[in-house]
Structure formats: C-alpha cells, structure tokens
Amino acid sequence: MHHYYYQTEVEIGTLTLRYVPEESKDKVISDEDVLGTLLKVFQALFVNDFSKQSDILTVLPEPVKSKYQDLLSVQHPRVKQLEYRHQQQNTFTPEEILYKTLGFSVARAPSSLISAGKGVFVTKGLVRKGAVVSMYPGTVYQKYEPIFFQSIGNPFIFRCLDGVLIDGNDKGISKVVYRSCNGRDQLGPLKMSDSTWLTSEIHNPLAIGQYVNNCSNDRAANVCYQEFDVPAAFPIELKQYLPNIAYSYDKQSPLRCVILVALRDIEQGEELFSNYYTIVS
C-alpha cells in the first residue's frame, strides 16, 4: 500500500520549511516512470529547439547526434510537423510541446484562493492520475550547508526526507545563488541545469511547482510531492532542462529533484493543490 507524500510547513524563526514527513516513504509512482516522463518531455523540447542546438551537437558522440537527426526524419505526424515548423524558422512554445507530449499543459496564474497570490492551473487537456504534473525548481542544499540568509522571509524552501533542502525562490539572493551555480557548472556549450524558470520565458514548462498552493478546508489536494534523484546516466544534452542545481559541486551525491504527481484525474481549468499542515509553536 502506498503512502502519499504530503507537504508540511513549519516555521523556525525566519525559516519556513515545506517538507515531506517521515512516515511518507513509499512513492506514488516509480523512479522509472518519473525518469521516462522527464526524458520524453525534455527530448521533445530538445527536438523542438533543434535549430539552436548546433553548438551542443558538435560536442556530442556521433550515435547521440544521429539519434536526434533521425527523430527529425521519422515518419510520424508530430515529428514531421515539428520539422516543417523548423524549416519555417519557427517552433512550438514549451507549453504546446508539453501538451503534445503528455496531453496537458500547466501555467501560473492568480490563485482561486483569496490572498494566495499565484497558483498553478491546468490550462489545456487532462492530467491523468499518476502523471508527473510539475517540478519543484531551485538550488539544492545538503543538510550541512548554510542557507540562513537565503531563508530570511523565504516561503519557497522545501525540505526532503533526508534533510536536503531545495530553495525554489525566483527572487533576491536565492536567484543570485542559482544563477551563480548555473554558470559555475556549465561545460562549454553544455548547460547542466535550466535557469529560465527564474524568468518569464520558461524553457521547461514543468518548472513551476513551487507556486502550487496548499489546499484549503473546502479544496482537497489533487497533487503530492515525490523525491527523485537524477541518475548518473541522464543524457548530458538534456540537463539544460533540469530546473535544479547543487549548491556545492559534488560528484558523489546525485542531484535531488522533487516532482509533483497527480492524485486523481485533473481537468482543464482546475488549480493544483498540495496538502500540508501548519504547525504553530
């Protein structure tokens, strides 16, 4: 029997933590399913932006390069249409690619909850139960790493089961830290993470999970959080779409990501809601 991942918010001085409690250890979907979904979406984004990948293609092994070139010539309606659009020097938006790949798109918009600020909505299509519906972007801190100044007045810090923290704030010092780490880890034309979630033009349309609001008394949760470690064999050319980066460069620790999984079918127009408790000391 699976235990859903629930998000809990605890205030410790100036630090507000959202976290998964210890009893929620089982995963709603397997790591293999998470990986398969991310690869499917990221590969579609890569192919859609193929005309801008020339620098990256020059440093990739020939078999990998041929794989993407073959994708553009496969006799498949979606790919053929993508190729046609490329010939016109035009591409689909990331939201359109998400819809064509997974059957839905999501976006930030004013929340339906009073005074909740922004929320995340299904803007098109249908999210099926068990689908990866978004990702929680941000800088990843090991439990022994300093995060005091980043935490001041910051409601976007997520605490994982093992104490790893993810700072999903797209403003202030958090934004500066993420951009710095992003530049540090780039290898020539190869980017090890995506920093566009810090802007209004997001390349990975899933990277908006930090704006998912807590459900209210009359709104049941329809998504839950699940941790995922990026495997060492993750395609290097697709890392440009990963919205997470490690604060310290450590080859020994896998990159931690947190994804949001649909707990039921979610229809077009619905807002995503997570479930966590507020503990007042």
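Looking only at atom types and distance, the side chain of Y211 has a donor-acceptor partner in the side chain of D170 under 3.5 Å away. Side-chain N/O atoms of Q53 and Y68 include no donor and acceptor closer than 3.5 Å. Of the N and O atoms on the side chains of S151 and N154, not one donor lies less than 3.5 Å from an acceptor on the other residue. Between the side chains of S248 and E145, at least one donor N or O sits under 3.5 Å from an acceptor N or O. E201 and T196 share no side-chain donor-acceptor pair at under 3.5 Å. Side-chain contact annotation: D167 with S174, donor-acceptor N/O pair under 3.5 Å present.
Side-chain atoms of Y225 and S274, non-hydrogen and from C-beta on, do get closer than 4.5 Å to each other. No side-chain heavy atom of L165 sits less than 4.5 Å from a side-chain heavy atom of F158. Side-chain contact between S193 and Y178 is present, with at least one heavy-atom pair separated by less than 4.5 Å. Within the 4.5 Å cutoff, the side chain of V106 has no heavy atoms near those of the P205 side chain.
Within the model, atoms CG of D194 and NZ of K239 stand 14.0 Å from one another, a figure rounded to the nearest 0.5 Å. Atom CG of L260 sits about 4.0 Å away from atom OG of S134, to the nearest 0.5 Å. Note that CG of L198 is 8.5 Å distant from CG of N182, once rounded to the nearest 0.5 Å.
Taking the six-membered ring where tryptophan is involved, the planes of F234 and F42 are perpendicular, since the angle between them exceeds 60° and thus also 30°.
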